[in-house]
Amino acid sequence: MVPATSTPAEPAGAAPARAEAADVVGLGRRRAAAFVAPALVLVLVFLVFPALWTLYLGVTDYRLTGLAATRPHFVGVRNYTDVLADGRFHDSLWLTLQFVGGSAVLGQTVLGFAVAWVMRERPAAVRRTVEALVLLAWILPGSVVAFLWLALLDRDGGTLNTLLGTPGTAWLLDHPMASIIVFNIWRGTAFSMMLYTAALGNVPPSHLETAKLAGASTWQTLRDAVLPKIRGHVLTSLLLVSLWTFNDFTPYLITAGGPENRSEVLSVYVYRTALGEGRLGFGAAISLVMLLVNLAIATAYLRALRRRRA
Amino acid sequence: MHISGRSTSSRPHPRLTAALALLLAGAAVSSCGGGSSSTDPQRNAKARTFTLTIARNAIVGGKNDAEASWITKTVIPGFVAAEKAKGLRVKVVYHGYGVDDDAYKTKTALDLKSKAGADIVSLDGIWVGEFAQARYIKPLADVVGARADSWDGWSQISPSVQQLGSFQGKRYGIPPSTDGRVLFYNKKLFARAGLPVNWQPRSWDEILAAGRALKKLPGVTPLQFDAGTAMGEATTMQGVLPLLAGAGAQIYSGGKWTGGGAAMKQVLGFYQHLYGPEGLGDRKLQQEAKGRDKSFEEFANNRIGVLLEGVYLWRAVLNPKDGIARMPDRDQAVGYALIPAVAPGKGVQGRSFVSMSGGSVATVNPHTKYPQQAFDLLAYLNRPDVVKARIAGNPEVTSRNDVNAEALKNDPFLSFVAQKVLPVTLFRPGLAAYTQVSTALQEATAGIVAGHSPDDAAGQYNGKLEGIVGGAGNVNAG
């Protein structure tokens, strides 16, 4: 996750050291290759092969059932042009961006940081209790929490309607996106909280005290003393959380993409087209497009990280 | 941590590593494809101890509870005892599911694709064609041999019902029951509107005339025929397809799909009377997420005049005992009539009345370890006395004429279905493309509900259809 210790200045006698570094354990090339071979085979079989297979499926009309299940035909880039022209794909991409932006970038990060910041100087007992509760949301199995949230948001006799005194409000039908965004914030805040708790430990207390002595407001302290120290952590957290959220399938357990596709994020869209409608070739094409979006997100963050270091 | 100090003797042997890698790769590849299995119908036929599994989308205490209870409490103990009498030790395991049909279909397809799954698998009849084309299921005669076609039960199942489990002239499974679609009408509303209480329309115009009379009653929706996408397959089965048959066309015939031609325009024109400006139906009901359940409730509360529905409405929805929208006076208040063609003799194959049917099919998994024993169990499931036990508390139209003749004697409605509806009924084409065609049909009716003209909706449908079925060559646009 975090790069190894950087070496800004090589020592004077770097040349022999480097030769040694090339074969530091003295295995020799063949034995070294033999050691990594099993791992590489696993990577090949479970990562590279499925990726290439997806690429291949994406140019066929392969289906779950019917004639095309046994004899898929090559259709060229038609699946890809169909995906890019599909209004349902555009809607889904937009919903996914809302989901990532709302729940991961804004929700989890801000709330996670806020909890970490507020809990920083609380008594250990309070801190532990809050952390345990937040973590609980994270470690419970997805199917269990989905069921809890269905019970919470249910139209007839849901907990939320009982609390608010709004019987009959169909939260999942009237506000499907808001529901899954709030759900995902609740679910995923724990990770950001843990990461920021660790990061805040890296901020020298003297900086904070200096800021306090200089009469800085909380906002000024955060902006000028804390943020510069934890910027790397923020970017790392954003990168991981964005990618997880982008590919998260749990919304399906709560709204199943409905009503009328109004909460159909990309992972749900792939599932419903590939397995629901049996269009495996088309689904593979969407998956590849998703992979490219993932790469774009990752590249953007990595660039930002590199710029920070430069 | 000084590995470099190791003696040479403990070096990993390169060949060993390569072998290990190959083994790993081999294991991974074979796990993708699944193990190969014998196709000999007589494999393990002499086994004296064996286990069979039955899977279907029915679960005790949930979806299709009666069906699941029948299997676990009647079928399994009965079959095990019968086999024990022959000196065989048998265990039968029931895999019950209580999920949406789509999820069950996906799971079953993936099971069969990976050569796994239960020995007796239950499928919706509509999936038979696409599963057969994908070679997930095979003709019974191929899986269990000639005895499949000489089974004595076939003589009791009429050819049109056998069609439910057949594809391209071959039998893939045994359908346990079937259903039909009729026009349900509220006799109380008919009396108030001055219409005959024993009603049997002979043309679409007569339906519309009744609708116009009913429209004069305040707070009553005269005619409700399913339309739009929210209701999914219900729109196709309880709306478009029976009407299309009445307009003289089948959705798939002679190797071509029916496009947006004259028959489809007639169907959409009929819908326009309901959901267009004339407003003989309630268009909101066709857009709501739970619109179908609501239509049941409204019908039960005497607020819908005529509703095109399946036998299911009578049996499981309005049922005064255990329906989901009970109607205490169902037997007196609800009338039922055959669905007429647009005009007498103008329906499919010159019919004056039409209907659509569906139902499930139980088949033997081609990869079962015990094909002979699995077929024994399948035949047992369809034995007259076992079928009678199934419908004892929950009458339905079974696939067996002998059981129907006896069990439905005292049920006028189910007798009507068995004797009047089944002879004129049609089944959907069991082809993979059907699911998408069905969606296109729903979208065409949604167009009418949204206020488009029949010509526009038919034109759009035709374009979509050509995209789905691979070009204009596969579409009959006449």
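Convention: sequence-line order gives letters A, B, ...; per-chain numbering from 1. Just so you know, these numbers use all the heavy atoms, side chains as well, and skip hydrogens, waters and symmetry mates.
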Using non-hydrogen atoms and a limit below 4.5 Å, what part of residues 57-72 of chain A faces chain B? A:Y62, A:R63, A:L64, A:T65, A:G66, A:L67, A:A69, A:T70, A:R71
Under 4.5 Å, heavy atom to heavy atom, which residues of residues 265-292 of chain A contact chain B? A:L275, A:G276, A:R279
When you look at [atom1] of [X], are more than 12 heavy atoms from neighbouring residues, nucleotides or ligands closer to it than 6.0 Å?
{"X": "A:R78", "atom1": "CZ", "answer": "no"}
{"X": "A:F249", "atom1": "CZ", "answer": "yes"}
{"X": "B:R135", "atom1": "CZ", "answer": "no"}

